[in-house]
There are 2 protein chains.
Amino acid sequence: MVRRTSFEDSDCPVARSVDAIGDWWSLLIVRDAFDGSRRFGEFQRSLGVAKNILSARLRALVAGGVLELVPAADGSAYQEYALTAKGRALFPVIVALRQWGESHFFDDGEPHSELLDRRDGRPLAELRVHAADGRPVAPEETVVAKVPR
Amino acid sequence: MVRRTSFEDSDCPVARSVDAIGDWWSLLIVRDAFDGSRRFGEFQRSLGVAKNILSARLRALVAGGVLELVPAADGSAYQEYALTAKGRALFPVIVALRQWGESHFFDDGEPHSELLDRRDGRPLAELRVHAADGRPVAPEETVVAKVPR
DNA sequence: CGGATTTGGTAGCATGTTGCAACCAGATGT
DNA sequence: ACATCTGGTTGCAACATGCTACCAAATCCG
C-alpha cells in the first residue's frame, strides 16, 4: 500500500493499531504464530507468501515489538519467531476476526478451521463488548470522545 | 496490494474476514461508520483518503454486504452509506483493535480518542476471550481444529 | 430563476509496492 | 564430503495506490 500518510501520529488507537500491524499478511502471520508456527519455513508453507514479503513482514513485526527472535527450541543454531506480550495481546483481535468470518462467510456445514478450548474441546464463547459495569453494549450505545486538547 | 492469491477459498475464517474487508482503509471506513459518518464527504474529510480510493473501497464494502446505500436521512436526493447487520457485527473487531492500540501506542497521559459507554460515560470493559462455559481463556489454552475433510 | 457552490464522484498519470523467480550462504543430515 | 534444508536477498515486471484535474448533478443563495 502506498501510504504517504502514516497513521502513527493519529489520535485514534484503531489507526495506530492498523499502522503497527502493517498489512493483512502480518495479521495472518500473527494468527499462525498463535496457532503454533515459529519458524520462517512454517510461516511460508502455511501462508504461501513470497519469501521476500514474509521476510520484510517478519522484520517489521519484530521491529514493532509484536514478535521477537529467540533461539530455536530444538537446540539448533536457527532462530524462531515468538509472540511478545504485546503480540499475545492481539488475541482478541484475531478471535474477533475469526468469529466474524465464521458467522458470515461459511455456508451451513461448510468445513472450516475452528478455535477450540483445549480443556473441553468446545468452541469459544462469542466475543461481546461490555461496559465498565459488565452490561453488554451495542455499537449505538457507545460514543467516541474526541481527544481533550 | 497485489494479491494474485485471494483468501476467499481459505478454510480459515480469519483469512476470509481479511479478504472481505479488503484493506486497512476499509477498516477505518467501518470505524468511521460506527462513529457516525454516513456520507462520502464525511468519510473523505475524516480519513483524508483520495477520492478514487474511497470510492472504490465504499463500492467494495457495499458489494461485500458490509455497508449499504440508503436514502439520505435529511430528505435530500443524496444517498448515505449505512452499516448492515454484517457490518455492525464487526464491532468487536474494531473495539479489539482500539483497545490494543490504547494499551500499546500511547504514552501515559497522551491524549487519544476514546470509546465510551453512552450511558455512564465510562470507557468500555477490556475485551476478553472466554470459553463456552464462561471461563476466561488465554491463547495457550486454545487449539485450532483443522478442518474435517 | 440564475449563478455559485457543494456533493459525489471519474480519468489520467507517476510511482511504489507486491510478487515471482533466481540465486546464495550457512547449517544440517548421511 | 556431499547433498539438502533453512532462511533468506536481489532483480525485475506488473499492478495498485494516490495525487491532481476534471465533471455532472444536486443544492444553496440572492
Side-chain angles (χ1 to χ4, degrees), chain A residues 1-10 15 18-29 32-33 36-64 67-82, chain B residues 1-10 15 18-29 32-33 36-64 67-82:
Chain A
M1 192 187 324
V2 180
R3 217 170 41 203
R4 295 158 220 296
T5 58
S6 140
F7 297 123
E8 62 190 18
D9 292 329
S10 166
V18 154
D19 202 64
I21 295 172
D23 72 355
W24 289 127
W25 283 123
S26 306
L27 203 66
L28 296 180
I29 290 169
D32 277 2
S37 291
R38 302 177 62 86
R39 301 276 285 249
F40 187 95
E42 286 183 281
F43 291 113
Q44 215 234 323
R45 270 186 301 278
S46 163
L47 296 171
V49 61
K51 296 204 285 182
N52 53 346
I53 305 296
L54 178 59
S55 175
R57 292 301 158 245
L58 285 171
R59 215 176 311 138
L61 287 170
V62 169
L67 296 178
E68 60 184 345
L69 276 168
V70 299
D74 60 4
S76 78
Y78 294 117
Q79 290 195 295
E80 292 181 343
Y81 295 92
Chain B
M1 194 186 327
V2 181
R3 217 171 42 204
R4 295 158 219 294
T5 59
S6 140
F7 298 124
E8 63 190 17
D9 292 329
S10 166
V18 154
D19 202 65
I21 294 172
D23 73 354
W24 289 126
W25 283 123
S26 305
L27 204 66
L28 295 181
I29 290 170
D32 277 1
S37 291
R38 303 177 61 88
R39 301 277 284 251
F40 186 95
E42 286 184 280
F43 291 112
Q44 215 236 323
R45 269 186 303 277
S46 163
L47 296 171
V49 61
K51 296 204 287 182
N52 53 347
I53 305 296
L54 177 58
S55 177
R57 292 299 158 248
L58 285 171
R59 217 176 311 137
L61 287 170
V62 169
L67 296 178
E68 60 184 345
L69 276 168
V70 299
D74 60 5
S76 78
Y78 293 118
Q79 290 195 296
E80 292 180 343
Y81 295 91

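Just so it is clear: chains get the letters A, B, ... in the order the sequence lines come, proteins before strands, and each one is counted from 1. Please read these numbers as outputs of a predicted model, since none were measured by experiment. No hydrogens, no waters, no symmetry mates; every other heavy atom, side chains included, goes into these values.
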How long is the line joining OH of Y81(A) and P of dG7(D), in whole Å? 8 Å

All N/O contacts under 3.5 Å from nucleotides 1-3 of chain C to the protein, with atom names and distances to one decimal?
none

Heavy-atom pair with the smallest gap, counting every atom of L61(A) and I21(A): CD2-O, 4.2 Å

Give the residues of residues 37-45 of chain B touching DNA chain D, defined as any heavy atom closer than 4.0 Å, sorted by residue number. none

Over how many whole Å does the gap from L54(B) atom CG to dA16(D) atom C1' extend? 16 Å

Using five base pairs at each end to define the local axes, how bent is the helix from dC1(C)-dG30(D) to dT30(C)-dA1(D), to the nearest 10°? 30°

Is the closest side-chain heavy-atom distance between L69(B) and L58(B) below 4.5 Å? no

Which residue pairs pass the salt bridge (Lys or Arg N to Asp or Glu O under 4.0 Å) test when at least one of the two sits in residues 47-56 of chain A, sequence neighbours left out? none

Tell me every residue that passes side chain to side chain donor-acceptor pair (under 3.5 Å) with E80(B), counting only those two or more places apart in sequence or in another chain. R38(B)

I need the minimum non-hydrogen distance between A15(A) and L28(B), along with the two atoms involved. CA-CD2, 4.1 Å

Listed partners of S26(A) passing side chain to side chain donor-acceptor pair (under 3.5 Å), at least two apart: D23(A)

Using a cut-off of less than 4.0 Å, is there contact between a side-chain N or O of S55(A) and OP1 or OP2 of dT9(D)? yes

I'd like to check the side chain to side chain contact (heavy atoms under 4.5 Å, CB included) partners of A20(B); sequence neighbours left out, ordered by chain and number. W100(A), F105(A)

Do R59(B) and S55(B) have side-chain heavy atoms sitting under 4.5 Å apart? yes

Atom CG of N52(B) and atom C1' of dC19(D) are separated, to the nearest Å, by 8 Å

Which pair of heavy atoms, one from L54(A) and one from F40(A), lies closest together, and at what distance? CD2-O, 3.5 Å

Contacts of I53(A) that satisfy side chain to side chain contact (heavy atoms under 4.5 Å, CB included) - sequence neighbours left out: W25(A), V49(A), A50(A), R57(A)

Could you tell me the separation between the OH atom of Y81(A) and the CG atom of L67(A), rounded to the nearest 0.5 Å? 8.5 Å

What is the distance, rounded to the nearest whole Å, between atom CD1 of I53(A) and atom P of dG7(D)? 18 Å

Looking at W25(A), I'd like to know whether one of its side-chain N or O atoms comes within less than 4.0 Å of OP1 or OP2 on dT18(C). no

Which whole-number value in Å describes the distance from L69(B) CG to dT7(C) C1'? 14 Å

Any residue meeting side chain to side chain contact (heavy atoms under 4.5 Å, CB included) with S76(A), in chain and number order, not counting sequence neighbours: R39(A), A72(A), D74(A), Y78(A)

For R45(B), all residues meeting side chain to side chain donor-acceptor pair (under 3.5 Å), sequence neighbours excluded: none

Counting primed atoms plus P, OP1 and OP2 as sugar-phosphate and everything else as base, spell out the protein contacts along nucleotides 22-29 of chain D at 4.0 Å heavy-atom distance: B, S or - for each nucleotide, 5' to 3'. ----BS--

What is the separation between atom CD on E80(B) and atom C1' on dG8(C), rounded to the nearest whole Å? 13 Å

Mind calculating the distance between CG (L58(B)) and P (dT7(C)) to the nearest angstrom? 16 Å

Indicate whether OP1 or OP2 belonging to dG19(C) is found under 4.0 Å from a side-chain N or O atom of R57(A). no

